[in-house]
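In what follows, a single structure is set out as structure tokens and then discussed.
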Amino acid sequence: MLSRTGPELMPRYTPSRIEPKWQTWWETNHTFASPRLPGERKRYILDMFPYPSGDGLHVGHPEGYTATDIVSRFERMRGTSVMHPMGFDAFGLPAEEHAIRTGTPPAESTRRNIDTFRRQLKMLGFSYDWSREIATTDPGYVRWTQWIFLVLFDTWFDATENRGRPIAELPIPEDVQTAGSQAVARYRDDHRLAYQSEAPVNWCPALGTVLANEEVVGGVSERGGHPVVRLPLRQWMLRITAYADRLDRELDGLAWPESIKKLQRDWIGRSTGAEVDFFIGESSGSEPDEAGFNAWKQGRASADFPGKPGADVLRVYTTRPDTLYGVTAMVIAPEHPAVAKLTTPAARPAVEAYCEAAARKSDLDRTDLAREKSGVFTGSYCRHPLDGRLVPIWVADYVLASYGTGAIMSVPAHDTRDHEFAVAFGLEIVRVIESSDGGESELPFTDHGRAVNSASYDGLATADFISRVAADLESAGLGRAAVNYKLRDWLFSRQRFWGEPFPILHELDAEGNETGLVRGVPESELPVPLPVLADFKPGNTPDPPLSRADADWLFVEIDGVRYRRETNTMPQWAGSCWYELRFLDPHNSERFIDPEVERAWMPVDLYVGGAEHAVLHLLYARFWHKVLHDRGHVSWPEPFGRLVNQGMILGEMEFTGYRHPQGGWLSAEQTRAHPTQPGVTIDRESGDEAAPARVPAEQVEKQGEHFVLRDAPTIRVDSRAYKMSKSRGNVVNPDQIVQEFGADSLRLYEMFMGPLEATKPWSTAGVGGVRTFLERCWRLVVDERAEEPVLSASVCDDPADEPQLQELHRMLDKVTADIESLSFNTAIARMMEFVNFCTPLTKRPRALLEPFVKALSPFAPHLAEELWQVLGQPAPVSLAAWPEVEQRYLHDATVEIPVQIMGKLRGRVTVDAAADADTMIAAATADPRIAELLEGKTIVKTIAVPGRMVNFVIR
RNA sequence: GCCGGAGUGGCGGAAUGGCAGACGCGACGGAUUCAAAAUCCGUUGCCCGCAAGGGCGUGUGGGUUCAAGUCCCACCUCCGGCACCA
């Protein structure tokens, strides 16, 4: 019996023998080493490096990696200098959780996981320059991550120049200057891009850490789905909001998918509108009197709009200043600083109770569950800046303290949320916009339209109103145009062990208490290593594990001053914010990168990875890069020139039937999803839970639009592919696929499945299909009956004939163009056609096979090297010159064109490829069948596109 | 709710406004074989027809055009993301 993989049968295509052989050869010969500096044409082709999880590689990884590998190999063969490195994003929570469970230090399990990943990546034959491998956990890498943090710490953002500058250049106001050096230090600290803040944070008791806003989804942690509560804590923040404008605008020049750019823009959330001050008076009274208001207004008219709101006003931000006359209430966030002042004695108990409840509420309670608007009246009023009427001030948690000014003007007629709030509390609703067509539109009406009930502005279109009123407010000193961003500053510290320590020291006084002054660790003492700990467990309090380190780690003395180290660690994102730079100069111990190398290789020309990083990683990395750029450390403002997102690979297609609780089948259309429990299906009528059951494909057939059970055609079954997951048991293991089919087959299959960017279901039968193709390639060249791989007798030195050369060059033309456009699936299809063409040939000229093997080599590199060797060519084909496409073989002398009558295909005629319209029409009418159909009809119009088609319009 | 993306044979998918379904999987038939596997050759959108041929077909309904999977309008379904940002 013959087996596919039996080593005794070498003449058959045996990946398990040739793949390790060539992997060793490439490694020994440093085939894919990149030069320090590129030649004339360079390509920096980068994968998003993986987090080395304990599960090893899954089949999603090789998809993007194969795509970039094909492009890298192709570019090398064309003589381009290629940078194609790989490394590991090795800090992160899972290693630490594993450590807590098993007692294994994270460094150890991380090293093991990296070893597994590296083995698996090498097994797939990727042409990485492994001498450039980095892990974010390497001390030599951490050193420079910490160094970049110190750059952030040393930078302030100059808003007038719109760029980051050294903190030493920060202008110090005179009053601060006179207040002494401590005041100056604090002033500087308040302006650094890396700063400490005491703001409420998302504390996750289950994970024992605080999380970034981005890591909290719907009130629970993104990782693990644990509840998150809000807690005030001292934290390190990065002032990414300073760069919001540039992060938004500078997306324009990038060759990124528009959808990703849009996601980033939406996340940054730039909005334009106006800030407006509402008079509340100096004293904490409930109704500011009219005289005071008039005096205030007069004062404002002769002065500039204050940069910061005084205690006598409530400042709001609105994108719709045109609705100013529709204001019927002011609403401030429970955390707004003026809450206490505005609360009247009578209202105090209710307001305090409300604010306390809001503070305790997690984001989950505030959003998902509490859709009903809640709020409480403060008892106070403010004065409307334009018409002077009294407007009640409410507190409600639908207003966020962290956005805009933390206070809004409520316009129930023209804002959905304000409308809900007004309805819930019986507030007045005043229409100030009608639709442009004059129709009585329903409220709330949030579209643009025409102003009504707005004094002298009546009749103005919304856009005109906005610009007019903004100018009027500005000149009256009552408001000004303003820009706001949804983006918040980046909460950058974590109370975990397995992350980069901050290179920061807190000054201690004689009693050992922190003075509040901080300094960076001297550059010469980087990296700050992680301390040796016996126990990695996070505590019940937000005290970081590092605070339990030995005193000789924890305390430092410099120039006679004692310091305590910062004991927070950086989040996992830190390492991936600049790895694209370090790959270019991974062993440099003098600088984080040699500027000459940086200038020569950056930016990344092709960056491929999953769309799940569309916002966070890519935004953070762009931010760091811009800071480094502003400080003169890198030459380009953006790190990634072209970005492509590979699609997700789903599990195999599944048919699912539903079992009725009383037994028997339930047709799929009689079921629906459980209203609250995700993943649970119930009987539409009875509400009973329906048990899903996987149905084998052979028991199913298609009937009209749906799939039904073959034995019970009234029972519909669902058919779809699901995300791979351990719980569903549909995870495909790359090791197993390589063992069964070979790495080349896995690579080729993943590229053949469909477009790179599409989501597509896995099919192991499909891997078998491309394996068959590779076997056909093998038999084209190799004698199957010999003991050792030798050339097939049908391979000859005869020149290739014209039709063969045409086939060859058309294939090469298509494959070349398709690699350039990352359309690997169609490139492979074209090579399959070429092999189908060659298979029946009893004499197969080398002139045909050798260029084909070259074209195949980026896709199936091991097989290509082996075939190249069998053909007697010197290795490696991986660096052979990409075959030239000869244009003269691309075009036929004659073409067959369709002939249509009234747009319907009625025949075909063969004409000279260069035939003009008249010649084509003549040929078409000369065709007996066409002539017959045209007989007795009047030709109204004739369309002839040279080389394409002819169409007769008849009557 | 809002924002993306996608709906084409039994399945994955191809198609600069110009011959819909390339290529692959699956299925069916043939050659080879004692037999099977493997291999090679062929057929394979649906309907009518012995055939020649004809009709219908790219989620639904309309439109533009000599010609629409492709462009425009309205809608349906699925997938992904965001979700009180004033």
Side-chain angles (χ1 to χ4, degrees), chain A residues 1-4 12 217-218 257-260 262-263 266-267 269 271 273 316-320 323 331 366-368 370-371 373 396-400 402-411 415-418 420-421 484-488 611-612 614-615 647-648 650 652-653 697 700-702 705 707 719-721 723 749 752-755 757-770 772-773 775-776 779 784 823 825-833 836 839-840 896-908 940-943 945 947-954:
Chain A
M1 184 162 141
L2 302 184
S3 96
R4 251 191 172 165
R12 295 201 70 158
V217 179
E258 281 306 317
S259 59
I260 299 292
K262 193 169 180 326
L263 278 175
D266 289 352
W267 190 266
S271 81
V316 300
Y317 171 71
T318 177
T319 55
R320 293 293 299 274
T323 61
V331 186
R366 272 197 180 191
T367 57
D368 275 11
R371 293 238 64 130
K373 290 280 180 290
D397 67 3
Y398 81 93
V399 174
L400 306 176
S402 51
Y403 182 78
T405 60
I408 61 153
M409 56 181 221
S410 178
V411 186
D415 181 278
T416 317
R417 299 151 300 185
D418 295 344
E420 281 172 20
F421 187 68
N484 259 297
Y485 300 92
K486 282 201 235 179
L487 187 71
R488 307 291 150 82
E612 66 273 19
V615 177
M648 207 192 327
L650 304 174
E652 294 248 7
M653 160 100 138
V700 165
E701 65 186 1
K702 187 143 192 184
E705 295 281 276
F707 284 91
S719 86
R720 60 170 283 206
K723 221 166 158 166
Y749 172 67
F752 187 59
M753 291 171 88
E757 300 185 64
T759 302
K760 31 202 185 271
W762 179 265
S763 158
T764 300
V767 188
V770 295
T772 304
F773 163 67
E775 285 171 349
R776 286 159 67 86
R779 283 194 295 271
E784 280 218 274
S823 306
N825 54 331
T826 48
I828 294 164
R830 193 62 190 84
M831 289 192 284
M832 287 174 167
E833 288 183 79
N836 291 343
T839 296
E896 192 186 58
I897 57 157
V899 181
Q900 299 175 351
I901 295 175
M902 302 297 285
K904 284 191 189 298
L905 178 70
R906 292 300 179 205
R908 289 172 228 274
V940 182
K941 191 174 179 183
T942 306
I943 299 97
V945 182
R948 288 311 232 159
M949 43 72 68
V950 176
N951 186 15
F952 296 103
V953 184
I954 59 172

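The sequence lines fix the lettering, A, B, ..., with proteins before strands; numbering per chain opens at 1.
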Review point. When you compare rG4(B) with rG21(B), how far apart are their P atoms, in angstrom units rounded to a whole number?
Key: 34 Å
Review point. Using the C1' atom in both, what is the distance from rC40(B) to rU8(B), to the nearest Å?
Key: 32 Å
Under 4.0 Å, heavy atoms only, any strand: does [X] hit a base, just the sugar-phosphate, or nothing?
X: Glu757(A); answer: nothing
X: Gly769(A); answer: sugar-phosphate
X: Met832(A); answer: sugar-phosphate
X: Ser763(A); answer: nothing
X: Ser271(A); answer: sugar-phosphate
X: Arg830(A); answer: nothing
X: Glu258(A); answer: nothing
X: Lys262(A); answer: sugar-phosphate
X: Asn836(A); answer: sugar-phosphate

Point to revise | Arg948(A) (side chain) and rU16(B) (base): donor-acceptor pair under 3.5 Å | key: yes
Exercise for review: Report the distance from atom CD1 of Ile943(A) to atom CE of Met949(A), rounding to the nearest 0.5 Å.
Suggested key: 6.5 Å
Check your understanding: Which distance, rounded to the nearest 0.5 Å, do you find between the CZ of Arg830(A) and the OG1 of Thr826(A)?
Key -> 11.0 Å
Revision key, fill the gap. Readout for nucleotides 7-13 of chain B: B = base within 4.0 Å of protein heavy atom, S = sugar-phosphate only, - = neither; 5' to 3' it is ---SSBS
Practice item. With RNA chain B as reference, determine whether Ser402(A) or Ile943(A) sits nearer its 5' end, using the nearest nucleotide of each. Key: Ile943(A)
Check your understanding: Given that Lys941(A) and Lys723(A) both sit by RNA chain B, which one's nearest nucleotide is further toward the 5' end?
Key -> Lys941(A)
Review point. Could you give the CD-to-C1' distance, from Glu775(A) to rA37(B), as a whole number of Å?
Key: 13 Å
Review point. Is the base of rG55(B) syn or anti, if syn means a glycosidic angle within 90° of 0?
Key: anti
Study note, to complete from the structure: Closest heavy-atom pair, Met409(A) versus Thr318(A), reported as atoms and distance to 0.1 Å, is CE-OG1, 3.8 Å
Point to revise | Shortest non-hydrogen contact between Gly406(A) and Val399(A), atoms and distance | key: O-CG1, 3.5 Å
Check your understanding: Can you list the residues that meet the side chain to side chain donor-acceptor pair (under 3.5 Å) rule with Asn825(A), with sequence neighbours excluded?
Key -> none
Practice item. Output yes when at least one side-chain N/O atom of Arg776(A) is less than 4.0 Å from OP1 or OP2 of rU39(B), else no. Key: no
